[in-house]
Amino acid sequence: MDARGLRPPEGLLFEISRPGRRGAALPPLDVPDAARYDLDARYTRPEVAGLPELSEVEVVRHYTRLSRLNYAIDMGLYPLGSCTMKYNPKVNEKVARLPGFAEAHPHLPEELAQGCLRLMFELERALATICGMDRFTLQPAAGAHGELAGIMMARAYHRDRGNPRQVVLIPDSAHGTNPASAHLAGYRVEEIASNARGCVDLGALRRRMNEEVAVLMLTNPNTLGVFESEIEEIARTIHDRGGLLYMDGANLNAFVGRARPGDMGVDLHHLNLHKTFSTPHGGGGPGAGPVGVKAGLTPYLPVPTVEREGERYRLRHDGPKSIGKVRSFFGNFGMFVRAHAYILAHGPEGLRRMSETAVLNANYIRRKLEDLYHLPYEAPSLHEVVFSDRNLEAAGVHTLDIAKRLMDYGFHPPTIYFPLIVKGALMIEPTESESREELDLFIAAMRAIDAEARRTPELVRTAPHTTPIRRLDEVGAARHPVLRYAPAETRRRPGGA
Ligand SMILES: *Cc1c(COP(=O)(O)O)cnc(C)c1O
């Protein structure tokens with residue numbers, strides 16, 4: 001992939017621009033130029049300023065070459081712990097592109113949008129059944145957005161009972177978005193310590209719990225990949241003092257089809273369609289973080305909700321206690337189509353097999369690496385396994401070096417330095433998508449890196465060696481970010497190839 005001969009590193013379109021080049025050559029107009037007369041001169045410029053000038057083939061090659069520098073789930077294992085980078089089946093894409101879905105305008109009158117409304121209704125029911133909750137809102141555009149919507153509902157619930165309360169308790173093993181969401185919703189955040197098994201310290205929780213506490217926000221399985229085995233007792237402790245149990249269910253992939261948050265005493269939780277139900281992640285694209293609630297919280301759901309009356313589906317906009325809208329229109333509708341297709345394609349048995357395979361794959365990696373890499377918590381792993389760099393401390397090789405060296409072996413690195421409660425964490429989540437052969441290649445790479453770190457630590461410390469851009473100066477990039485275009489000769493190419 002790196003054999004590019006005389007080709008210089010891919011520059012910016014601005015750098016390969018030559019005055020007068022055009023993408024398309026059309027014959028001169030033989031009719032009046034309508035656009036020119038229709039535009040209001042107050043809002044138009046006489047000239048287009050400063051845009052690059054290029055031929056079509058130059059633009060196509062530029063973007064094609066850039067796309068080949070990308071790593072993607074369609075190229076290989078993407079073991080980012082906590083992010084659940086599972087494969088997105090192509091049939092979902094096909095279904096999402098059906099014209100009736102893809103071209104539906106969000107302002108369509110209800111009678112012309114019955115299919116879309118039905119899909120949202122059925123997806124909501126499917127999620128409620130899978131999670132043991134009473135209703136869901138599909139609106140939030142991401143997991144963190146779901147958290148915010150959820151805590152806003154919890155606040156509305158408490159306010160309705162006379163006192164919104166002041167505090168949200170969050171374990172130290174929680175995802176970083178949790179304290180941010182609770183803070184944005186107007187709460188003071190207090191941390192609850194984990195015990196030696198990586199779970200919430202029930203004694204500490206009992207001592208802290210009182211009527212000040214609005215919500216315990218629990219990531220389950222937590223960011224160590226460990227299931228909160230005492231969750232029912234945790235829920236009882238919260239409920240006894242009138243608090244609510246919020247579960248960050250972004251990692252539902254670990255037990256979907258096996259256990260249901262609603263049966264564990266959870267009052268409300270979000271999940272990420274882009275983690276558990278295979279819709280694509282980011283890349284600037286949309287996510288979806290639906291929030292499920294128990295019956296006592298349904299009055300606070302965002303509007304509109306989708307309701308069925310006989311054979312007809314309609315949007316209900318009135319909700320006197322609703323927290324209002326949290327997203328334009330209905331949320332990221334295309335993601336609902338993909339997630340619904342995925343749920344229907346698998347069915348209950350398939351979803352259970354999926355989470356079992358995700359857990360099996362993580363534990364396979366754990367077993368094959370735990371003789372070399374330090375395992376900070378002995379508790380059984382679910383869908384991800386957290387190692388640390390402690391065993392390579394003497395060699396002076398750190399987590400960052402291991403991650404960079406993995407790129408030379410053709411793998412996307414795992415999540416690193418997270419969770420924060422593990423020093424030098426390497427958080428590996430293979431997901432259920434991977435074959436035994438792909439896992440074995442990854443394990444072989446990790447074992448080879450351990451050997452290299454002991455024999456030739458310099459090789460690992462200076463990795464990557466085969467990527468178009470070598471080790472970046474990350475501190476420099478953070479301290480002196482270059483945020484605007486500058487001509488090539490004034491730019492320094494960090495580590496340049
Ligand atoms: C991914 C994740 C989130 C945040 O989800 P986004 O869609 O990235 O906002 C929150 N909590 C946990 C546990 C996660 O893994």
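The first residue in the sequence is number 1, and the count goes up from there. Atoms within each ligand, like the ligands themselves, are counted from 1 in listed order.
- Taking the charged nitrogens against the carboxylate oxygens, D408 and R405 do have a contact shorter than 4.0 Å, which makes a salt bridge.
- Ligand 1 has an N or O atom lying under 3.5 Å from an N or O atom of K275, backbone or side chain.
- Between H183 and Y187, the distance separating the two ring centers is not shorter than 6.0 angstrom.
- Heavy-atom proximity to A250, at under 4.0 Å, picks out these atoms of ligand 1: 2 (C), 11 (N), 12 (C), 13 (C), 14 (C), 15 (O).
- With Y63 as the aromatic partner, R65 does not meet the cation-pi criteria of under 6.0 angstrom to the ring centre and within 45 degrees of the ring axis.
- Protein non-hydrogen atoms do not reach within 4.0 Å of atom 8 (O) of ligand 1.
- Residue R97 holds its CZ atom at 4.5 Å from CD of E93, rounded to the nearest 0.5 Å.
- By the 6.0 Å and 45° rule, R125 stacks over the aromatic ring of F121.
- Interface atoms of ligand 1 facing A142, defined by a heavy-atom separation under 4.0 Å, are 7 (O), 9 (O).
- Ring geometry, H105 versus H107: the interplanar angle falls under 30°, so the pair is classed parallel (tilted spans 30 to 60°).
- For H269 and F136, the ring centers sit closer than 6.0 Å to each other.
- Contacts of A144 with ligand 1, taken as heavy-atom pairs under 4.0 Å, involve both backbone and side chain.
- When side chains are defined from C-beta on, Y342 does not count as touching T276, because their heavy atoms never get closer than 4.5 Å.
- The shortest N or O to N or O distance between H274 and ligand 1 is below 3.5 Å.
- Looking at H383 and T431, their side chains never come closer than 4.5 Å, going by heavy atoms from C-beta outward.
- Using 4.0 Å as the threshold, S82 has a heavy atom nearer than that to some atom of ligand 1.
- Between G143 and ligand 1, at least one pair of N/O atoms sits closer than 3.5 Å.
- For ligand 1, none of its N or O atoms has an N or O atom of H270 under 3.5 Å away.
- The closest protein non-hydrogen atom to atom 11 (N) of ligand 1 is D248 OD2, 2.5 Å.
- In E147, the part holding a heavy atom less than 4.0 Å from any atom of ligand 1 is the side chain.
- Considering backbone and side-chain atoms alike, N272 places an N or O below 3.5 Å from some N or O of ligand 1.
- Below 4.0 Å from some heavy atom of T177 lie the following atoms of ligand 1, by number and element: 10 (C), 11 (N).
- At a heavy-atom cutoff of 4.0 Å, ligand 1 is contacted by no atom of T84, backbone or side chain.
- Partners of F442 according to the ring-ring contact (aromatic ring centres under 6.0 Å, His included) rule, which considers only residues two or more places apart in sequence or in another chain, are F411.
- The N251 neighbourhood of ligand 1 comprises atoms 13 (C), 15 (O), with distances under 4.0 Å to a heavy atom of that residue.
- Considering both main-chain and side-chain atoms, T219 never comes within under 3.5 Å of ligand 1 through any nitrogen or oxygen pair.
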